[in-house]
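Quantities reported herein were computed from a predicted structural model and do not represent experimental measurements. First the proteins, then the strands, lettered A, B, ... as listed; each starts at 1.
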Protein chains: 2
Amino acid sequence: MSQTANDPNRKSWITVPADSDFPIQNIPFGVFLTRDDVITIGTRIGNTAIDLGALHQLGYFRDIPLTDDIFLQDTLNDFISDGKKTWRLVRNCIASLFDKNNQELQNNAEHRKIVLFDLDEIEMQLPVQIGDYTDFYSSKEHATNVGSMFRDPNNALLPNWLHVPVGYHGRSSTIVPSGIPIHRPMGQTLPQDSETPVFGPSKLVDFELEMAFITTDANQLGEPIPVDEAEDYIFGMVLFNDWSARDIQKWEYVPLGPFLAKNFASSISPWIVTLDALEPFRVESPKQEPTPLEYLQYSGKKSFDIHLEVDLTSENNPPQTISKSNFKYLYWNMSQQLAHHTVNGCKVNSGDMMGSGTISGTTKDSYGSMLELTWKGENPIELSDGSKRKFIEDGDTITLRGYCKNKDVRIGFGEVSNKLLPTFNSKKRK
Amino acid sequence: MSQTANDPNRKSWITVPADSDFPIQNIPFGVFLTRDDVITIGTRIGNTAIDLGALHQLGYFRDIPLTDDIFLQDTLNDFISDGKKTWRLVRNCIASLFDKNNQELQNNAEHRKIVLFDLDEIEMQLPVQIGDYTDFYSSKEHATNVGSMFRDPNNALLPNWLHVPVGYHGRSSTIVPSGIPIHRPMGQTLPQDSETPVFGPSKLVDFELEMAFITTDANQLGEPIPVDEAEDYIFGMVLFNDWSARDIQKWEYVPLGPFLAKNFASSISPWIVTLDALEPFRVESPKQEPTPLEYLQYSGKKSFDIHLEVDLTSENNPPQTISKSNFKYLYWNMSQQLAHHTVNGCKVNSGDMMGSGTISGTTKDSYGSMLELTWKGENPIELSDGSKRKFIEDGDTITLRGYCKNKDVRIGFGEVSNKLLPTFNSKKRK
């Protein structure tokens with residue numbers, strides 16, 4: 001891995017606040033609307049957004065084979081299709097251009113004015129058009145907690161769980177970026193001790209602390225991706241909140257899985273952090289016992305040490321951290337997930353997104369959902385003003401954050417933060 | 001409904017063979033590659049394909065507000081986004097132009113040469129870019145059969161089934177048009193009396209006789225579509241084969257639903273037949289007992305009388321019809337499905353596809369899958385040469401056909417026909 005962009009000693013001529021998620025070693029990719037109402041692809045250093053479309057037009061990527069309009073698009077899909085070699089050339093070029101020892105752009109005030117934006121001048125968009133979205137269920141602790149609550153604490157994991165990276169298809173159309181408020185969903189639920197369902201607002205709206213990875217075109221129809229090649233087809237990762245309505249889920253999900261309980265909304269952080277930027281933070285995944293089938297056996301370190309936090313902010317209370325977890329807890333890693341997903345020949349395209357499933361740790365303060373943190377509401381969370389939360393209430397904002405850190409560098413994901421609104425007012429219908 | 005295009009007395013100057021699915025009253029929409037290797041949007045009368053892109057360039061749609069390139073695209077998504085009023089104007093215009101009493105194009109040999117193609121000169125493509133694909137489970141007979149086989153014949157339907165139009169998300173990336181061969185999927189299965197899974201080719205590959213509808217942009221995020229408005233957002237229907245691997249499904253599907261057992265491939269007929277064309281064939285849906293919740297209560301006839309047939313063709317045997325069913329058997333209709341899908345605010349876009357679920361009737365010869373037709377393989381189907389089928393074997397072709405017919409007119413869907421190939425040869429990997 002000769003990624004010059006990862007040089008921990010490099011400093012940028014752009015100011016980077018202490019503990020920023022976005023030092024010059026990060027170079028994430030996103031899509032934003034500029035102050036001139038133009039959509040462009042960009043990156044970020046510190047609190048400065050950088051317009052890659054404009055940089056390209058000004059000739060700064062002249063040594064890289066790129067189509068003229070590759071960054072003048074409203075999604076990253078085509079750039080991601082260009083493949084890992086191109087991503088690396090672009091990332092290294094950006095690292096060099098913003099290195100404090102590089103005068104080229106640093107000393108060109110006219111160009112700087114065109115390509116640099118303060119964060120409050122831009123509006124982050126969904127970074128990719130997500131063709132297909134899959135959600136896995138890869139935290140052993142989460143699956144065990146759910147199994148203990150709803151089935152049998154002594155036999156919490158289902159028979160397939162230790163053999164299959166269980167996953168299911170989700171809805172792409174309702175994935176939104178950080179900042180977009182979400183309406184409490186209406187739906188059917190079965191009241192306790194009743195045999196007939198009722199209709200109304202969900203009473204048990206929950207978050208799920210997840211991460212997700214974005215793929216490039218990986219295969220043709222019918223063709224499996226070997227587990228040790230899987231990372232070649234992963235562009236990067238985002239934070240992911242898989243909003244859930246537990247009461248709707250409980251009534252609808254047998255036998256075909258969650259549907260309306262999930263597809264009212266899911267939200268992601270807008271900057272995609274590349275696997276290359278995460279390279280210094282590789283760690284072993286948990287030991288797998290029993291040994292999985294051969295197509296799931298991998299070599300090397302395929303997980304990443306990513307600290308995760310969840311804040312709940314209510315209208316009367318300041319942000320309160322309600323969970324601290326870590327991506328490395330996941331039992332099944334991304335390479336196994338992608339190998340499993342394609343072992344039957346399922347086609348994977350540029351811009352597809354695959355969620356990790358709720359990431360819970362072993363301790364009670366590391367659980368990745370209200371369902372687990374309050375144990376079905378039995379142990380409510382107390383907020384600063386003394387009010388309590390079993391699940392999420394109207395007006396609450398849920399914020400997920402994630403970052404990697406070693407002695408040299410901190411690489412972060414920023415946040416995905418969304419407010420829960422009351423149910424949609426149907427009178428607004430056109 | 002003043003759809004002049006539905007006039008049963010109209011004849012076209014294009015020859016239409018007796019019992020054709022595509023009289024001038026049909027006017028389906030599709031996408032094809034022409035003899036000149038150009039992708040265009042088209043329609044079909046009899047066995048003649050009509051290039052709508054060329055027709056528009058020649059000015060034949062001059063009285064309809066359409067963008068210049070609306071038919072010069074590789075999907076119907078933008079045209080579908082134009083909405084029902086535009087679809088009707090275009091359909092009526094085509095009906096008039098190809099009416100035998102209309103001389104305009106009929107007498108213009110030069111134009112006819114540009115816009116008309118024999119079927120063997122074109123190659124049908126997937127008609128839409130499918131953003132999200134949902135599959136329902138709306139046949140009471142199918143759900144009862146499956147429940148009887150795998151659970152309890154005396155209590156076959158799950159408690160939610162009569163209240164919820166059960167559905168789940170599927171994979172868009174592997175939906176292919178008729179004609180594309182499909183590889184037998186590899187995967188994990190649990191052998192009988194074993195506690196550990198094995199890896200290998202699925203031994204129980206099945207078809208599912210379904211239909212699917214294609215939507216237009218229907219709502220904003222958060223906004224439900226009322227059941228009695230739902231049809232305004234349905235462009236049309238296709239035949240749909242939801243290929244399934246029963247052994248993979250059985251091992252993987254608890255608790256989050258089918259995944260690799262379904263997403264190796266699904267196939268659709270390439271011509272989308274509009275709801276307008278199906279108007280003369282409206283029928284009542286089955287009576288629903290208990291009465292569903294209010295948001296699922298509709299008025300009028302919301303189902304259609306569509307005859308369905310399944311042929312199995314093996315390498316040593318001619319086509320053999322193995323099932324005859326009807327779309328009208330479905331317990332939950334499309335309006336209920338779309339109202340349910342959006343009652344939580346789930347966003348529906350142009351080009352989304354929603355499958356009906358396997359359409360089985362009450363008699364054994366009307367079941368919509370091998371699983372049911374052979375009752376888990378207990379009663380194999382005998383082919384002409386004496387060989388037997390419990391499930392689908394390599395080299396078998398499955399063909400679904402569908403049509404409506406009354407004394408005046410026959411409106412059909414053509415077919416979706418795909419051959420099952422052996423497992424993918426991984427040595428072919430690039």
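Note that CD of B:Glu223 and CG of A:Asn425 are 10.5 Å apart. Values are rounded to the nearest 0.5 Å. For the atom pair A:Ser172 OG and B:Ile130 CD1, the distance stands at 12.0 Å (nearest 0.5 Å). In this structure, A:Asn263 CG and B:Thr342 OG1 are separated by 10.0 Å, a value rounded to the nearest 0.5 Å. Of the inter-residue distances, the one linking A:Asp132 atom CG with B:Ser173 atom OG reads 4.5 Å to the nearest 0.5 angstrom.
If you tally non-hydrogen atom pairs under 4.5 Å between each of B:Ile248, B:Asp135, B:Val254 and chain A, the highest count goes to B:Val254. Looking only at heavy-atom pairs under 4.5 Å with chain B, the residue among A:Ala265, A:Ser202, A:Pro258, A:Ala245 that has the most is A:Pro258. When each of B:Val343, B:Val164, B:Leu256, B:Leu421 is checked for heavy-atom pairs under 4.5 Å with chain A, B:Leu256 comes out on top. Taking chain A as the reference chain and counting heavy-atom pairs below 4.5 Å, the highest number among B:Asp352, B:Ile180, B:Leu190, B:Ile182 is found for B:Asp352. Chosen from B:Glu294, B:Lys347, B:His169, B:Arg184, the residue pairing most often with chain A at heavy-atom distances under 4.5 Å is B:His169. Comparing B:Pro159, B:Pro197, B:Pro290 by how many heavy-atom pairs each has under 4.5 Å with chain A, the most go to B:Pro197. Here A:Gly170 is the residue among A:Gly187, A:Gly345, A:Pro185, A:Gly170 with the most heavy-atom pairs under 4.5 Å with chain B.
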Using side-chain contact (heavy atoms from CB on, under 4.5 Å), reason through B:Tyr168 and A:Tyr168 one step at a time and then give a plain yes or no. CA-CA 9 Å; B:Tyr168 67 108; A:Tyr168 68 109; over 6 Å; no
Carefully, step by step, assess A:His163 and B:Trp251 under the rule side-chain contact (heavy atoms from CB on, under 4.5 Å). CA-CA 10 Å; A:His163 301 280; B:Trp251 174 232; 3.8 Å; yes
Determine, step by step, whether B:Val348 and A:Arg171 satisfy the side-chain contact (heavy atoms from CB on, under 4.5 Å) criterion, reporting the C-alpha distance in whole Å, the side-chain angles of both residues, the deciding distance to 0.1 Å, and the verdict. CA-CA 10 Å; B:Val348 169; A:Arg171 180 89 189 171; 4.0 Å; yes
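Counting non-hydrogen atoms of neighbouring residues, nucleotides and ligands closer than 6.0 angstrom, the OH atom of A:Tyr298 exceeds 12 such neighbours. Heavy atoms from other residues, nucleotides or ligands lying under 6.0 Å from NZ of A:Lys250 number 12 at most. Few gaps surround OH on B:Tyr331; more than 12 heavy atoms of other groups in view lie less than 6.0 Å from it.
Within the 4.5 angstrom heavy-atom criterion, only side-chain atoms of A:Leu158, from C-beta onward, approach chain B. Contact annotation for B:Glu195: only backbone heavy atoms (N, CA, C, O) come within less than 4.5 Å of a heavy atom of chain A. The part of B:Phe136 that comes within reach of chain A is its side chain, from C-beta onward, which places non-hydrogen atoms under 4.5 angstrom from that chain. Proximity to chain B is limited to the side chain of A:Leu293, based on heavy atoms less than 4.5 angstrom apart. Using a 4.5 Å cut-off between heavy atoms, B:Leu221 touches chain A through backbone and side chain atoms alike. Contact of B:Ile175 with chain A is not made at all, since no heavy-atom distance falls under 4.5 Å. With a 4.5 angstrom heavy-atom cutoff, B:Thr134 touches chain A only via side-chain atoms. For A:Val166, the part sitting under 4.5 Å from any heavy atom of chain B is the side chain, from C-beta outward, and nothing else.
Shortest non-hydrogen contact noted between A:Thr174 and B:Cys346 is CG2-CA, 3.9 Å. Nearest heavy-atom pair across A:Pro255 and B:Tyr137 is CG-CE2, 4.3 Å.
Between A:His341 and B:Phe259, the ring-plane angle classifies as perpendicular under the 30° and 60° cut-offs.
Here the side chains of B:Leu296 and A:Gln188 are in contact, with some heavy-atom distance below 4.5 Å.
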